[in-house]
Protein chains: 2
Amino acid sequence: MAKRPNPGLQAIADRVGVSKMTVSRVLRGGGGFSAETEAKVREAADALGYVPNRLAAAFGRSGTSTLVGVCVPRLNSALFGSVLESLNATLARLGYDTMIGAHDHLPSEEEAWIRALAAWKPAAVVLTSREHSARTLSTLRDMSVPVLEMWDLRTAPIDLSVGFSHYDNGWEMARTIANAGRQRIGYIGGLAERQTMGAVRLNGFRKGLDEAGLSVFAEERLTDRPGFYSGYYATEMLLARAPKLDAIYYQDDEMAIGGQAYLTARGIRVPDDIGIAGWGGMEAASILPRRLTTTMVPTTRLGKVAAEALVSRLRDAPVQDVTVVQTRLVPGSTI
Amino acid sequence: MAKRPNPGLQAIADRVGVSKMTVSRVLRGGGGFSAETEAKVREAADALGYVPNRLAAAFGRSGTSTLVGVCVPRLNSALFGSVLESLNATLARLGYDTMIGAHDHLPSEEEAWIRALAAWKPAAVVLTSREHSARTLSTLRDMSVPVLEMWDLRTAPIDLSVGFSHYDNGWEMARTIANAGRQRIGYIGGLAERQTMGAVRLNGFRKGLDEAGLSVFAEERLTDRPGFYSGYYATEMLLARAPKLDAIYYQDDEMAIGGQAYLTARGIRVPDDIGIAGWGGMEAASILPRRLTTTMVPTTRLGKVAAEALVSRLRDAPVQDVTVVQTRLVPGSTI
DNA sequence: CTACGTCACGTTACCGGTAACCCATGCCGC
DNA sequence: GCGGCATGGGTTACCGGTAACGTGACGTAG
């Protein structure tokens with residue numbers, strides 16, 4: 001079997017004895033041809049092993065692209081990975097192709113990616129960041145395609161928004177910890193300057209504590225990216241400064257599990273000596289000796305809902321601008 | 001600021017007073033124009049906010065595409081996520097754009113993805129599966145672009161291969177476990193029918209045990225996907241059938257950590273009562289009470305090396321067909 | 001019998017960049 | 001003075017689909 005140049009519409013048209021326009025009509029469906037012609041065209045397309053040329057289609061007339069750009073903070077994250085997996089699978093099933101990017105929580109990276117994406121004239125864009133640079137917004141406007149902001153709810157989305165309120169997540173956990181009678185409460189997470197979702201949860205957390213007459217007693221902010229090990233040593237550092245904490249809220253479950261490991265190694269009992277809570281509902285949390293108090297994020301559903309909302313918009317079907325995907329606070333037994 | 005239609009080469013050409021061909025030459029570099037012309041063209045392009053149209057470029061003449069297709073088993077995997085992150089970042093830095101797909105270890109999924117990818121006439125393809133369907137190979141041949149097979153080493157790669165030997169990984173761990181004096185050794189992992197990398201490691205593992213006069217005493221195969229929790233209950237099931245095991249080799253670290261959690265919950269001591277070993281070198285393994293015996297996979301380096309090899313090939317620079325990225329057996333203290 | 005609509009298809013032009021080719025100018029050596 | 005050649009461009013054709021519009025055959029209402 002030698003390499004054969006892939007046939008185009010013209011090759012099919014020649015074989016059947018019609019014009020390539022008729023072939024185009026048949027293969028895209030929608031009428032304007034007889035059943036007999038359709039059968040012959042389909043047979044010929046199959047025989048020749050026709051592969052549609054999306055490049056040519058998207059290039060010729062805009063509005064026919066099936067390309068969707070998706071930008072997430074990182075690709076090696078359990079949570080975003082699940083969202084991406086589900087988003088991509090749903091888009092693929094509906095006939096769309098995914099171009100990815102990672103912005104690492106830096107608006108400048110997102111901006112560079114968006115500009116590269118614009119060169120491909122995609123049908124839609126999915127973003128997961130909270131803040132966009134002015135140039136990003138300008139590029140998006142020039143592209144004039146549907147934009148879906150995912151992960152956090154936006155009060156004023158550019159276009160579509162699917163997610164939940166990180167602020168409320170933090171608030172809710174604050175109330176849970178306060179109701180459990182904890183008094184000296186610490187926080188461990190990433191830097192606040194970067195407007196990450198974790199920082200938003202912290203704001204909600206502070207508000208919740210405030211309403212209960214409490215405040216964050218001590219906090220540890222890391223420049224390292226969150227993970228098991230950073231949770232481990234951040235806990236060590238925080239307790240060195242504030243030994244009398246009776247609860248710690250972690251930016252995510254991985255850090256909480258790392259923290260738990262440190263506490264266990266030191267003989268500090270959870271939740272007797274100190275309570276811990278995480279965020280995200282990662283699978284790893286399910287195998288701890290005690291079930292971790294955390295917030296479950298329905299990542300798979302989020303990706304699916306986002307993909308479906310986007311495709312609805314692309315097909316001019318009615319869609320809500322803002323779709324809330326509910327998270328769930330899992331009481332666990334570590335607080 | 002209203003939406004403005006993005007200018008093309010012609011708009012720049014009109015502004016400067018040259019032909020669009022000259023503008024094309026300047027923007028792609030390579031000569032055929034004066035320094036004066038170059039300056040004027042660049043200024044005009046900047047002023048108009050020119051965004052190159054990769055769609056048109058790739059469509060017009062093949063060989064000018066900057067699109068690379070990457071297909072991994074899953075997008076929500078710590079290991080593949082890291083590889084993807086590094087691969088994508090390196091490709092982006094070198095001016096390439098990434099289209100992704102997930103095949104979930106099913107050749108049919110990979111085949112469907114490849115066909116969708118072919119419609120975009122990419123510059124190259126990166127695969128991570130071990131087995132490809134006949135139709136996949138046929139489509140790849142028709143595309144006639146560089147193909148890089150990553151993750152496992154291929155004895156006869158389609159084109160380029162970057163990775164390491166899973167077989168050797170399994171063999172090496174078998175020798176390590178045997179040398180530690182373990183006799184009744186179990187295995188926990190996924191199904192063998194699917195030609196996954198885990199199955200290849202198991203083959204090497206069997207061979208290593210065989211050379212030491214041993215064999216796999218009992219094994220537990222799951223249809224569920226690997227993870228913390230499946231490691232937890234697979235350990236329970238395996239030990240119910242074979243209580244006298246003195247070592248277990250897990251398909252990956254997540255399962256091993258899950259297994260460790262089960263053993264701890266049951267009061268079974270590691271490594272005194274039973275030894276465990278994982279694979280992958282996941283970060284989570286670093287926070288166990290005892291460091292997990294495992295094989296470290298340099299995911300970040302793997303992605304970077306793969307991207308660089310691919311780009312070298314695309315630029316007609318010399319590349320080795322097969323590049324080995326070394327893994328490292330971490331002795332740890334759980335065997 | 002004519003006017004008009006519908007169906008099924010053909011024709012034409014076009015998207016924006018690029019390879020291949022052509023052309024004018026100026027400088028050089030002989 | 002003339003041929004040769006490098007430099008700095010311009011011209012043309014083309015990639016493979018698709019929107020817009022044109023056309024002939026046929027059916028049908030007035």
Side-chain angles (χ1 to χ4, degrees), chain A residues 4-42 44-45 48-67 118-123 142-144, chain B residues 5-42 44-45 48-67 95 118-123 142-144:
Chain A
R4 36 146 215 234
N6 14 11
L9 290 184
Q10 191 61 60
I12 300 174
D14 291 346
R15 201 171 208 261
V16 177
V18 295
S19 75
K20 68 174 186 174
M21 194 62 223
T22 299
V23 178
S24 173
R25 280 193 268 252
V26 169
L27 294 181
R28 277 181 301 145
F33 47 83
S34 67
E36 187 191 1
T37 303
E38 170 168 12
K40 284 195 289 185
V41 166
R42 290 201 182 282
L48 291 168
Y50 174 70
V51 176
N53 188 337
R54 300 226 176 276
L55 216 46
F59 167 65
R61 294 290 149 186
S62 55
T64 55
S65 176
T66 58
L67 182 63
W120 290 99
K121 315 288 171 190
D142 290 345
M143 290 166 73
S144 57
Chain B
N6 15 10
L9 291 185
Q10 191 61 59
I12 300 174
D14 292 346
R15 200 171 208 260
V16 177
V18 294
S19 75
K20 69 174 186 173
M21 193 62 223
T22 299
V23 177
S24 173
R25 280 192 269 253
V26 169
L27 294 181
R28 277 179 302 144
F33 47 84
S34 67
E36 187 190 2
T37 304
E38 170 168 11
K40 284 194 291 186
V41 166
R42 290 201 182 282
L48 291 168
Y50 174 70
V51 177
N53 188 338
R54 301 224 174 279
L55 216 48
F59 167 65
R61 293 294 146 181
S62 55
T64 56
S65 176
T66 58
L67 182 63
W120 289 99
K121 314 288 172 191
D142 291 345
M143 290 166 75
S144 57

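Note that these values count all heavy atoms, side chains included, but never hydrogens, waters or copies made by symmetry.
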Between B/Leu9 and the options B/Val23, B/Asp14, B/Val41, the side-chain contact (heavy atoms from CB on, under 4.5 Å) test singles out B/Val23
About how many Å separate OG1 of B/Thr22 and CD of B/Glu38, when rounded to the nearest 0.5 Å? 12.0 Å
Rounded to the nearest angstrom, tell me the gap between atom CD in B/Gln10 and atom P in C/dT18. 14 Å
Quickly work out the B/Glu36 CD to D/dT7 P distance and round it to whole Å. 18 Å
Using a cut-off of 4.0 Å on non-hydrogen atoms, how would the nucleic acid contact of A/Thr22 be classed: base, sugar-phosphate, or nothing? sugar-phosphate
With respect to the phosphate group of C/dC9, does any side-chain polar atom (N or O) of A/Thr37 fall under 4.0 Å of OP1 or OP2? yes
Taken to the nearest whole Å, NZ/B/Lys20 to P/C/dT18 is 10 Å
Indicate whether OP1 or OP2 belonging to D/dT18 is found under 4.0 Å from a side-chain N or O atom of A/Ser24. yes
To the nearest 0.5 Å, atom CG of A/Leu55 lies from atom CG of B/Leu67 at 8.5 Å
Within the structure, does a side-chain N or O atom of A/Tyr50 lie under 4.0 Å from either OP1 or OP2 of D/dG16? no
Please determine, for the side chain of A/Ser19, which listed nucleotide (D/dA19, C/dG10, C/dG17) has the closest atom? C/dG10
I need the CH2-P distance between B/Trp120 and D/dG16, as an integer number of Å. 16 Å
Can you check the B/Arg61 CZ to C/dT18 P distance for me, whole Å? 11 Å
On DNA chain D, nearest-nucleotide positions of B/Val18 versus B/Phe59: which is more 5'? B/Val18
Contact class for B/Arg28 (heavy atom, under 4.0 Å): base, sugar-phosphate, or nothing? sugar-phosphate
Is_stacked (A/Phe33, C/dC9) at 5.5 Å, 30 deg: no
Side-chain touch B/Ile12/B/Val26, heavy atoms, less than 4.5 angstrom: no
Over how many whole Å does the gap from B/Asn53 atom CG to C/dC14 atom C1' extend? 14 Å
It should be established whether A/Ser34 places a side-chain nitrogen or oxygen under 4.0 Å from OP1 or OP2 of nucleotide C/dC9. yes
Between B/Phe33 and B/Val18, does a side-chain contact (heavy atoms from CB on, under 4.5 Å) hold up when you go through it step by step? CA-CA 11 Å; B/Phe33 47 84; B/Val18 294; over 6 Å; no
Tell me the interatomic distance from B/Leu27, atom CG, to C/dG16, atom P, rounded to whole angstroms. 16 Å
Whole-Å gap separating P (D/dA19) and CZ (A/Arg25): 10 Å
